[in-house]
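What follows is a single structure, written as structure tokens, with notes after it.
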Amino acid sequence: MNDVLLSVENLSKGFSSAGRRVAALDNVSLTIAPGETLGLVGASGSGKSTLSRILLRLLSADAGSVRFEGEDWLALNGASLRRRRARMQMVFQDPLAAFNPLASVGAVLDDPLRIHSVVAKDRRRDEIATLLERVGLSADYAGRPVRALSGGQRQRVAIARAIATRPSLLVLDEAVSALDVTVRGRILELLVDLQKEQGIACLFISHDLAVVRAVSHRIAVMDGGRIVETGPAATVVAAPQSDAARALVAAVPRLVTDPC
Ligand SMILES: Nc1ncnc2c1ncn2[C@@H]1O[C@H](COP(=O)(O)OP(=O)(O)O)[C@@H](O)[C@H]1O
Ligand SMILES: [Mg+2]
């Protein structure tokens, strides 16, 4: 089917810690259409990062299935997984954790272009300049070390790196949570622009409903490892049905009256 890019079915994952069993994910199902942004919101510990780590194949699931671009995503391994990873890219909260802080911005962006053979070798420099411009940075940032960048600039580089392989889906896990309010607003605008221009679908994960509301077409609410509510973003905010969604709305009183 063409109108489903990602489909997660009955995904479950448990952890044992200090002798207790925690159901981090309990029968989670969701879909994302091509070009759609699904916001995944929930309190800390509700299972959001467990889901993102399973989707990115950093963690295995106990049960359930994932179809992505028509493939049995959790069954992919080895070379076919490496090749297909270009199609689903991630942006995390702390991009420095993923980048070598001594590396230049150009090197950080060159990696995915080289590894996934996105463009010919002699085109990579131009492609890096294009990527930087696309995220609102000038081409001369390529020569700067990552550690010399501000938090907002680093997150722009992280987004440029994520879109370098021309993915159909970005998974953003608390991608703007560490940024101050003004910078956060600009990064959210950038994400919305990129999405409109390039039609990339996003799974946008945050504990903050106001942030999720700003970028999402639909919102899914997680609580205790389950998805307790899914609906159009405006509806979930204006008329939350679950206790968890009501609590998240109440935590951002401004949302109740904002017309947006
Ligand atoms: N590696 C792990 N070992 C033990 N428990 C974990 C591990 N990762 C996550 N958990 C637990 O699973 C639950 C969901 O965590 P997480 O997915 O990180 O939630 P969120 O991202 O919504 O804050 C929490 O109770 C957390 O403590
Ligand atoms: Mg998390």
Side-chain angles (χ1 to χ4, degrees), residues 6 8-32 37-66 68 73-74 88-99 151 154-155 158-159 162 169-180 184 187-188 191 201-216 218-231 233 236-237 240-252 255:
L6 177 84
V8 171
E9 270 184 44
N10 300 317
L11 213 55
S12 292
K13 177 73 181 179
F15 293 108
S16 300
S17 71
R20 286 192 53 223
R21 189 92 184 135
V22 176
L25 288 186
D26 184 3
N27 268 296
V28 164
S29 299
L30 57 83
T31 61
I32 302 181
T37 295
L38 177 69
L40 183 66
V41 66
S44 174
S46 58
K48 307 180 298 295
S49 293
T50 301
L51 176 61
S52 73
R53 289 168 65 210
I54 290 172
L55 291 179
L56 294 161
R57 298 291 312 268
L58 303 173
L59 187 69
S60 62
D62 293 342
S65 65
V66 175
F68 174 60
W73 184 245
L74 302 186
M88 188 196 296
Q89 291 285 304
M90 61 188 144
V91 180
F92 285 132
Q93 176 169 352
D94 179 12
L96 260 194
F99 300 158
R154 279 207 288 271
Q155 209 50 294
I159 293 167
L169 178 66
L170 285 185
V171 177
L172 302 111
D173 191 351
E174 304 284 2
V176 300
S177 302
L179 304 174
D180 70 46
R184 176 184 300 170
I187 298 287
L188 292 175
L191 286 170
C202 295
L203 177 62
F204 187 93
I205 300 172
S206 174
H207 65 281
D208 183 338
L209 182 60
V211 163
V212 167
R213 171 69 184 92
V215 294
S216 303
R218 283 188 304 131
I219 292 177
V221 181
M222 276 194 89
D223 184 33
R226 294 168 179 249
I227 295 198
V228 294
E229 180 166 349
T230 308
V236 171
V237 169
Q241 300 297 306
S242 59
D243 289 345
R246 274 191 288 272
L248 291 164
V249 169
V252 200
L255 268 177

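This is a predicted model, so every value here is computed, not measured. For the numbers below, each heavy atom of this structure counts, side chains included, while hydrogens, waters and symmetry mates do not. As the structure lists them, so they are numbered: ligands from 1, and atoms in each ligand from 1. When a residue number appears, it is its place in the shown sequence, counting from 1.
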Nitrogen or oxygen of [X] less than 3.5 angstrom from that of ligand 1:
X   : result
K48 : yes
F15 : no
T50 : yes

### Task
Let me know which of L74, I32, L6, L55 forms a side-chain contact (heavy atoms from CB on, under 4.5 Å) with F68.
L6
### Query
What atoms of ligand 1 come closer than 4.0 angstrom to any heavy atom of V22?
25 (O)
### Atom indices of ligand 1, in the order listed, that fall short of 4.0 Å to a heavy atom of S49
17 (O), 18 (O), 20 (P), 21 (O)
### Task
Could you find the nearest protein heavy atom to atom 12 (O) of ligand 1 and give me its residue, atom name and distance?
A24 CB, 3.4 Å
### Query
Among protein heavy atoms, which sits nearest to atom 19 (O) of ligand 1, and what does the distance come to when rounded to 0.1 Å?
G47 N, 3.2 Å
#### Entry: Note, V236 side chain near R213 side chain (heavy atom, < 4.5 Å)
no
### Query
Heavy-atom distance under 4.5 Å between the side chains of V176 and S206, does that happen here?
no
Heavy-atom count check: over 12 atoms from other residues, nucleotides or ligands less than 6.0 Å from [X] [atom1]?
X    : atom1 : result
D62  : CG    : yes
R184 : CZ    : yes
R21  : CZ    : yes

### Any donor-acceptor N/O pair, K48 side chain to V41 backbone, under 3.5 Å
no
### Message
Main chain of Q241, side chain of R246: is a donor-acceptor contact present, judged purely on distance under 3.5 Å?
### Response
yes
### Task
May I ask which of G45, A23, G14, A43 has a heavy atom nearer to atom 20 (P) of ligand 1 than the others do?
G45
### G42 to ligand 1, any heavy atom closer than 4.0 Å
no
### Message
Under 4.0 Å from atom 26 (C) of ligand 1, can you find at least one protein heavy atom?
### Response
no
### Message
I'd like to know: is the Mg ion (ligand 2) within the 2.8 Å range of an N/O/S atom from S49, strictly under that distance?
### Response
yes
